[in-house]
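Okay, structure first, notes after.
Naming: A, B, ... by sequence-line order, numbering from 1 per chain.
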2 protein chains.
Amino acid sequence: MRYHKIPDETVRRLPLYLRGLLFSSQDLQENISSRKLAEVLGVNPWQIRKDFSYFGGFGTPGVGYNVEKLTKQIKKILKLDIGHRATLVGVGNLGAAILAYPGFKIYGFDIAAVFDNNSKKIGQKIGDVTIEDVAKLPMLKGRQIDLGIIAVPRGSAQEIANILVDVGIKGILNFSPCRIDVSKKVKVITIDIAMDLARLPYYMPSS
Amino acid sequence: MRYHKIPDETVRRLPLYLRGLLFSSQDLQENISSRKLAEVLGVNPWQIRKDFSYFGGFGTPGVGYNVEKLTKQIKKILKLDIGHRATLVGVGNLGAAILAYPGFKIYGFDIAAVFDNNSKKIGQKIGDVTIEDVAKLPMLKGRQIDLGIIAVPRGSAQEIANILVDVGIKGILNFSPCRIDVSKKVKVITIDIAMDLARLPYYMPSS
DNA sequence: TAATGCTAGTGTCCACGTTCACAAGTAAAG
DNA sequence: CTTTACTTGTGAACGTGGACACTAGCATTA
Ligand SMILES: NC(=O)c1ccc[n+]([C@@H]2O[C@H](COP(=O)([O-])OP(=O)(O)OC[C@H]3O[C@@H](n4cnc5c(N)ncnc54)[C@H](O)[C@@H]3O)[C@@H](O)[C@H]2O)c1
Ligand SMILES: NC(=O)c1ccc[n+]([C@@H]2O[C@H](COP(=O)([O-])OP(=O)(O)OC[C@H]3O[C@@H](n4cnc5c(N)ncnc54)[C@H](O)[C@@H]3O)[C@@H](O)[C@H]2O)c1
């Protein structure tokens, strides 16, 4: 294998492959072929092989990929081999749903601290975390948290992001429908659910 | 302007432009330049102009784009000029959050029917809709609903999707972390929040 | 050992999308 | 009218990523 810059699109797909491996590991097959994995996920086999080839040979011709080894490799590439601790800011409708969602665990994420500014919510315990006052957010340093999840109203998102960056968070998942401007050292991914819904009608045959 | 196939990536960005126009329309400026809009959204001006150019000239050189006209045009292209009625299936943590979310309105969406299979929830009224028994989902036809939102556990997602297709839904927004297989006539967009979070660490400097 | 069947890895070509530079158009000021 | 400042619209160059075909490797069977 020669040197290759890894395409962003490949990185985008790796979690999908990982999901496929983790969810279909009930099959208890030791090996899985690119054809089989592609079938499960609804993608092309050669896309999968190409993506993996950027990182060196995982598989064995004639056999496929060892599920356990492949899973570990992808986790390592995505830096999910070490667990990550996240903080959630804003425990409203969406925040509460995220907090209750078990789906982050399979990727090794742990929501270890949550904040809100509503005095009625502060102190409440949800699952095994207690909602803290957002005023104390700036003191988060040293609690080994490297990810931030923003679920506050749009007007407060940038402000919260600034604090998160100050306390050393390296990645932000933002649910507010707005741009967030931070140091280039920090990666921000914004999910705007309404925007995704908005492009659905375009593809629908006009009734 | 000649004939051009509209790139998918352009369609993906149109809702973003629309969001920018709708949220910054408090400025009450009659016109907005591509430079200004780009600044607000954090994208490139020429990308915006290129995207708009696929649909013909919206703007006026030296002046910019008329905000109202542009807004209407984008809505028309995305088929958001006519309102859309959606049904939500699964009123759990996430479903409830979506139901409470006012952000769909600006794109003209209305969640007009919601379903669940939990007898404790059926009959409950949230906002101005009442949760109906999912067993009655197959009888949705004729209620002028063309969009479906799936927020049920992974194992039930495909089953619900099949019913939605049967009753004539043309577009599905799926929050379950799984593939959904439907007729090619129906557009499915799947949002997997955990997957987005999972690619965040890759971009973070290893501490 | 030889033959067969399956699968990974990869070089190459092609399609698509982004970037850019510039011509052409508008408005306002001189 | 002329000049200046600004903005759109777009052809063309460029870069990236996807589709594919083919080689090489492994395993199983004869
Ligand atoms: N609910 C959804 O389905 C949904 C979907 C997409 C996007 N969003 C976005 O997610 C964000 C949250 O949505 P929501 O429905 O949970 O809203 P919400 O009003 O239910 O919750 C917001 C929470 O943030 C808290 N909060 C407000 N300002 C704060 C601050 N400065 N610091 C800390 N906490 C603060 C509030 O006390 C509240 O608990 C919004 O930006 C919304 O646009 C929500
Ligand atoms: N909560 C989150 O933040 C989150 C994030 C990403 C994805 N998701 C996904 O969204 C889906 C829902 O998540 P949730 O947290 O709301 O789960 P949940 O368990 O809180 O809610 C599921 C709801 O669906 C109902 N339901 C179950 N089977 C049904 C059926 N066959 N027909 C109709 N209703 C049915 C249940 O009664 C319940 O009310 C899951 O697939 C989950 O993976 C959730």
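Of the candidate nucleotides D/dA19, D/dT8, D/dG17, D/dA19 has the atom nearest to the side chain of A/Lys50. With distances taken from any side-chain atom of A/Pro61 to the nucleotides C/dT7, D/dG9, C/dT19, the minimum falls on C/dT7. The side chain of B/Arg49 sits closest to C/dA21 out of C/dT12, C/dA21, D/dA21. Taking only side-chain atoms of A/Thr60, from C-beta outward, the nucleotide of D/dC26, C/dG17, D/dT8 with the closest atom is D/dC26. Among C/dT7, D/dG17, D/dG9, the nucleotide with an atom closest to any side-chain atom of B/Ser53 is D/dG9. Nearest to the side-chain atoms of A/Trp46 among the listed nucleotides D/dA19, C/dT7, D/dG17 stands D/dA19. In the set D/dG17, D/dC26, C/dT18, the nucleotide with an atom closest to the side chain of A/Val63 is D/dC26.
The pair A/Arg19-B/Asp192 meets the salt-bridge criterion, since a charged nitrogen lies less than 4.0 angstrom from a carboxylate oxygen.
Using a 4.0 Å heavy-atom distance criterion, A/Thr10 is classed as making no nucleic acid contact. At a threshold of 4.0 angstrom between heavy atoms, the contacts of B/Arg12 with the nucleic acid are absent.
Between the NZ atom of A/Lys36 and the C1' atom of C/dT7 there is a distance of 15 Å, rounded to whole Å. Nucleotide D/dG17 holds its P atom 18 Å from the CD1 atom of A/Ile48, rounded to whole Å. When the C1' atom of C/dT10 is taken as reference, atom CZ of A/Phe55 falls 15 Å away, rounded to whole Å. Rounded to a whole Å, the CD atom of A/Glu9 is 19 Å from the P atom of C/dA15. Remark: C1' of D/dT8 and CG of B/Asn31 are 12 Å apart, rounded to the nearest angstrom. Atom P of nucleotide D/dT8 and atom CD of B/Gln47 are separated by 15 Å, given to the nearest angstrom. Rounded to whole angstrom, the span from the CD1 atom of A/Ile32 across to the P atom of C/dC6 amounts to 18 Å. Atom-to-atom, CD of B/Glu30 to C1' of C/dA27 comes out at 14 Å; the value is rounded to the nearest Å.
Phosphate proximity of D/dC6 to B/Arg35: absent, as no side-chain N or O sits under 4.0 Å from OP1 or OP2. Within the structure, a side-chain polar atom (N or O) of A/Tyr65 is placed less than 4.0 Å from OP1 or OP2 of C/dG9. Look at A/Ser34 and you won't find any side-chain N or O under 4.0 angstrom from OP1 or OP2 of C/dT7. In terms of phosphate contacts, A/Asn44 brings a side-chain nitrogen or oxygen within less than 4.0 Å of OP1 or OP2 of D/dA19.
Checking A/Gly59 against B/Asp8, the closest nucleotide of DNA chain C that is more toward the 5' end is the one next to A/Gly59.
The two atoms that bring B/Ile111 and B/Val129 nearest to each other are O-CG1, 3.5 Å, heavy atoms only. Taking both residues in full, the closest heavy atoms of B/Asp51 and B/Arg13 are given as OD2-NE, 2.7 Å, listed atom of the first, atom of the second, then distance. Residues B/Leu88 and B/Gly95 come closest through the heavy atom pair CD2-O, 3.4 Å.
In this structure, A/Arg154 forms a cation-pi arrangement with B/Phe23, its terminal cationic atom sitting closer than 6.0 Å to the ring centre and no more than 45° off the ring axis.
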What's the verdict on ring-ring contact (aromatic ring centres under 6.0 Å, His included) for B/Phe55 and B/Phe52, showing C-alpha distance, side-chain angles and the deciding distance? CA-CA 6 Å; B/Phe55 305 99; B/Phe52 289 166; 7.8 Å; no
